[in-house]
Trainee: 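Got a structure for you, questions after.
Note that ligands are numbered from 1 as they come in the structure, with each ligand's atoms numbered from 1 the same way. Note that the structure is a prediction, hence the values are computed from the model and not measured.
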Amino acid sequence: MPITKLEEAVLDEHFIKYSYVKGFTATQSDTALFLQFESAPHKDLPHLLRWYTHIKSFGSERLKFPGCKETFLSFSSNCTKVNIMVDKTLEEGEVVADGQQQEQTEDFVDPWTVRASSNKGIDYDKLIDRFGSSRIDEALLERFEKITGHKPHHFLRRGIFFSHRELNRILNLVEAGKTFFLYTGRGPSSEAMHVGHLIPFIMTKWLQDVFDVPLVVQLTDDEKYLWKDLKLEQCNKLAYENAKDIIAIGFDINKTFIFSDVDFVSGDFYKNVLRVQKHVTFNQVKGIFGFDESSNIGKIMFPAIQAAPSFSSSFPFIFGGKKDIPCLIPCAIDQDPYFRMTRDVAPRIGLQKPALIHSTFFPALQGAGSKMSASDENSSIFLTDTPNQIKKKINKYAFSGGKDTIEEHRALGGDCEVDVSYMYLTFFMEDDTRLEEIRREYSAGNMLTGELKAELIKILQNMISEHQERRKSVTDEVVKQYMTPRPLNFHSKS
Ligand code: TYM
């Protein structure tokens with residue numbers, strides 16, 4: 001049954017206050033409601049349109065939202081109540097099997113979906129167990145400091161980078177005076193990157209400065225073309241736009257090579273892609289990535305392309321054809337499935353397993369339980385936001401752990417565990433002492449949500465406007481230099 005104009009108006013009102021049908025977490029009710037729409041809502045209903053675009057961006061992943069389907073949904077606004085029947089025939093392949101319902105209440109993380117079952121976000125301890133990685137603990141950080149002579153970055157000290165695979169092996173090499181290289185990447189699906197995307201790049205820049213090592217950055221315009229409803233030329237263009245933001249983070253031009261898969265994959269790089277492809281079966285990628293018979297064949301082979309930069313022999317112009325220079329990959333933990341596969345295949349093709357460090361997720365404004373989406377401008381802060389937009393978004397959308405009234409807040413205190421503004425400060429406030437003071441004062445009720453938000457707004461406004469200034473000086477010519485295959489300036493001691 002198509003949605004009526006009245007129902008649309010009531011829904012628009014609903015989505016002023018709420019991110020989803022049931023508050024701040026996407027559920028099967030969103031999926032069911034989404035299916036009632038035959039096309040996008042009119043732009044005169046901006047809140048409903050935002051919700052629609054956001055739910056649409058999940059693609060078939062919306063079938064995995066938690067919760068059960070209902071036969072009707074009830075909404076009310078301004079004394080108008082509407083009941084929307086959601087009994088439309090399910091899309092093909094859409095039935096969520098009973099056995100899967102149990103799983104929907106658990107966290108889910110893969111390269112395309114990050115879903116927490118609570119507003120406190122993902123349970124990262126459980127994820128370490130499930131993925132079989134290792135925790136970055138105090139002992140490892142002490143060793144890091146001893147070997148590098150650098151106090152670990154606050155992302156490491158605060159557990160934002162919380163998990164690793166064989167970081168010890170990289171430290172052993174450094175201790176023995178040998179070298180390694182860094183590899184990270186970005187899937188260019190939108191012009192504006194959000195601040196969450198910055199996290200692995202900020203870490204990578206710091207590691208490049210500390211270790212003085214080369215870096216390769218892969219822009220997977222091919223991946224985005226295969227997964228998203230975008231034209232190939234558009235993805236390729238976005239790769240070059242995103243490269244500007246990556247360069248603006250400050251990577252050393254003499255030690256950094258950035259490439260678009262569409263333009264670069266060939267020669268020695270492609271030979272490694274083929275080696276990986278020959279040693280991984282369809283059954284294996286089905287198990288790791290959830291592909292099935294209806295997945296396009298580009299998706300099925302793509303993981304080999306994300307694997308190839310882990311091997312130094314893919315870049316003979318940098319490493320002179322050496323096969324054995326080890327690689328360290330900083331990324332958020334959603335990318336780990338690619339590298340579990342890479343680590344599994346590497347010894348079988350006579351190459352080194354890459355080491356990894358994993359970050360937690362920078363949460364969406366609406367809460368650590370909901371997903372940040374590049375197609376929903378209100379779900380995050382973007383690198384293109386103006387100071388005023390930043391202020392408005394934080395004040396209006398950042399989920400607060402404060403209490404409903406000032407009296408109650410003063411008496412009971414705020415909850416930093418769910419407060420998005422506080423979480424954002426843990427990422428971007430460098431001063432440990434001030435951060436701890438804020439945590440204490442807010443939890444005790446001495447500091448109000450508005451005051452907490454004001455501190456965050458100042459930090460983000462400065463950070464983003466400084467980034468925008470640096471980006472202005474990244475011309476097409478500069479991008480071309482970073483993206484030209486060439487020798488990099490480092491001393492090979494492997
Ligand atoms: P993409 O473009 O989805 O994300 C780019 C990088 O940002 C991380 N990330 C986040 N980190 C913290 N909080 C968030 N909310 C958040 N959202 C995304 C991702 O983990 C990633 O590190 N397939 C990749 C591109 C890629 C890549 C790589 C990434 C190719 N090779 C090697 C890392 C390492 C992608 O689409 O990333």
Side-chain angles (χ1 to χ4, degrees), residues 57 109-116 121-122 124 155 160-163 165 181-205 207 215-228 230 235 238-239 241-243 245-246 249 258-262 264-265 269 273 289 299 302-311 314 327-342 354-376 379-383 420 423-424 426-428:
S57 74
V109 175
D110 78 2
W112 309 283
T113 311
V114 175
R115 194 186 58 232
I122 304 285
Y124 289 105
F155 284 177
I160 289 170
F161 272 79
F162 70 108
S163 154
R165 294 185 188 276
F181 72 101
L182 290 160
Y183 157 41
T184 194
R186 153 83 180 141
S189 57
S190 61
E191 199 146 320
M193 285 164 66
H194 56 57
V195 279
H197 292 131
L198 280 185
I199 307 304
F201 286 103
I202 293 174
M203 188 76 236
T204 306
K205 157 141 175 64
L207 291 169
L215 160 69
V216 295
V217 180
Q218 179 178 45
L219 300 171
T220 52
D221 36 12
D222 47 355
E223 178 191 17
K224 292 300 143 178
Y225 171 63
L226 292 166
W227 261 269
K228 300 258 172 183
L230 292 170
C235 297
L238 290 172
E241 279 308 309
N242 286 183
D245 278 306
I246 293 166
I249 293 164
I258 304 178
F259 62 97
S260 126
D261 284 343
V262 168
F264 175 69
V265 174
F269 188 102
V273 171
F289 300 100
K299 286 185 181 179
F302 172 76
I305 295 192
Q306 186 151 332
S310 314
F311 308 124
S314 297
C327 170
L328 172 64
I329 306 173
C331 57
I333 191 127
D334 61 326
Q335 299 297 309
D336 189 66
Y338 284 116
F339 302 116
R340 285 205 293 275
M341 185 202 82
T342 310
L356 287 112
I357 51 170
H358 301 120
S359 81
T360 56
F361 299 107
F362 188 79
L365 283 166
Q366 286 74 8
S370 71
K371 184 184 145 95
M372 224 163 23
S373 161
S375 51
D376 178 358
S379 69
S380 186
I381 304 295
F382 288 85
L383 301 183
V420 168
M423 290 181 205
Y424 280 20
T426 66
F427 281 81
F428 294 124

Trainee: Output the list of atoms in ligand 1 that are nearer than 4.0 Å to some heavy atom of D334, sorted by atom number.
Mentor: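 Listed by number with element: 19 (C), 20 (O).
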Trainee: Got the closest protein heavy atom to atom 28 (C) of ligand 1, with its distance?
Mentor: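 Its nearest protein heavy-atom neighbour is Q306 NE2, 3.4 Å.
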Trainee: Which is closest to atom 6 (C) of ligand 1 in terms of heavy atoms, S190, A364, G185, S379?
Mentor: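 Looking at heavy atoms only, the winner is G185.
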Trainee: Distance under 4.0 Å to a non-hydrogen atom of T360: what atoms of ligand 1 satisfy this?
Mentor: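 It comes down to these atoms of ligand 1: 12 (C).
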Trainee: Taking only heavy atoms of I329 into account, list the atoms of ligand 1 that are under 4.0 Å away from them.
Mentor: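 Those atoms are 34 (C).
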Trainee: Please report which non-hydrogen protein atom sits nearest to atom 37 (O) of ligand 1, along with the residue it belongs to and the distance in Å to one decimal place.
Mentor: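 For atom 37 (O) of ligand 1, the nearest protein heavy atom is G187 N, 3.5 Å.
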Trainee: Rounded to the nearest 0.5 Å, how far apart are OG1 of T184 and CD1 of I258?
Mentor: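 Reported value, rounded in 0.5 Å steps: 11.0 Å.
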Trainee: Between F339 and ligand 1, which part of the residue brings a heavy atom under 4.0 Å of the ligand: side chain, backbone, both or neither?
Mentor: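 Side chain only; the backbone of F339 stays clear of ligand 1.
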Trainee: Which residue and non-hydrogen atom of the protein lie closest to atom 4 (O) of ligand 1, and at what distance in Å?
Mentor: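 Here the nearest protein heavy atom works out to H197 CD2, 3.6 Å.
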Trainee: If you take all heavy atoms of V216 and F259, which pair is closest and at what distance?
Mentor: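 V216 and F259 have their closest heavy atoms at CB-CE2, 4.4 Å.
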Trainee: What protein heavy atom is closest to atom 11 (N) of ligand 1, reported as residue, atom name and distance in Å?
Mentor: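 Going atom by atom, the protein heavy atom closest to atom 11 (N) of ligand 1 ends up being G196 O, 3.2 Å.
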Trainee: Identify, for atom 8 (C) of ligand 1, the protein heavy atom at the shortest distance, and state residue, atom and that distance.
Mentor: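 The protein heavy atom lying closest is P200 CG, 3.6 Å.
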Trainee: Could you list which atoms of ligand 1 come closer than 4.0 Å to a heavy atom of K224?
Mentor: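 Every atom of ligand 1 under 4.0 Å from some heavy atom of K224: 36 (O).
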Trainee: Considering the heavy atoms of F361, write down every atom of ligand 1 situated less than 4.0 Å from one of them.
Mentor: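 Answer, ordered by atom number: 13 (N).
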Trainee: Could you tell me which residues satisfy ring pair (Phe, Tyr, Trp, His ring centres under 6.0 Å) with F362, sequence neighbours excluded, listed by chain and number?
Mentor: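 With neighbours one apart ignored, the set is Y424, F427, F428.
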Trainee: Closest heavy-atom contact between S380 and V195?
Mentor: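 Shortest heavy-atom contact: OG-CG2, 4.1 Å.
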Trainee: Using heavy atoms and a threshold below 4.0 Å, how should the contact between T184 and ligand 1 be classified: side chain, backbone, both, or neither?
Mentor: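 T184 to ligand 1: contacts from backbone and side chain alike.
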Trainee: When you compare the side chain of D110 with that of T113, does any pair of heavy atoms fall below 4.5 Å?
Mentor: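 Yes, side chains in contact.
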Trainee: Hey, could you give me the CH2/CH2 distance between W112 and W227, rounded to the nearest 0.5 Å?
Mentor: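 Reported to 0.5 Å precision, the distance equals 4.5 Å.
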Trainee: Using the ring pair (Phe, Tyr, Trp, His ring centres under 6.0 Å) criterion, which residues pair with Y338? Sequence neighbours excluded.
Mentor: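 Y338: ring pair (Phe, Tyr, Trp, His ring centres under 6.0 Å) contacts with F289, F302.
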Trainee: What part of Q335, side chain, backbone, both or neither, has a heavy atom within less than 4.0 angstrom of ligand 1?
Mentor: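 It is the side chain that touches ligand 1; the backbone stays farther off.
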Trainee: If hydrogens are left out, which of F427, Y183, Y338 has an atom nearest to atom 31 (N) of ligand 1, that is, the closest non-hydrogen atom?
Mentor: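 Among F427, Y183, Y338, the closest heavy atom to atom 31 (N) of ligand 1 comes from Y183.
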Trainee: Check if M193 has a non-hydrogen atom at a distance under 4.0 Å from any atom of ligand 1.
Mentor: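 Checking ligand 1 against M193, which is what was asked, there is no heavy-atom contact under 4.0 Å.
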Trainee: H358 vs F162 aromatic rings, parallel, tilted or perpendicular, using cut-offs 30° and 60°?
Mentor: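 Judged by the thresholds at 30° and 60°, the geometry between H358 and F162 is tilted.
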Trainee: Work out which heavy atom in A243 is nearest to a heavy atom in L219; give both atom names and the distance.
Mentor: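 Heavy-atom minimum between the residues: CB-CD1, 4.0 Å.
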Trainee: Closest non-hydrogen protein atom to atom 13 (N) of ligand 1, residue and atom name please, with distance?
Mentor: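 Result: F362 N, 2.8 Å.
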Trainee: Which of the atoms in ligand 1, numbered in the order shown and given with their element, are less than 4.0 Å from a heavy-atom of C331?
Mentor: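 By the 4.0 Å cutoff, the relevant atoms are 22 (O), 33 (C), 34 (C).
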Trainee: Does ligand 1 have any atom that is closer than 4.0 Å to a heavy atom of L198?
Mentor: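 L198 does not count as a contact of ligand 1 under the 4.0 Å cut-off.
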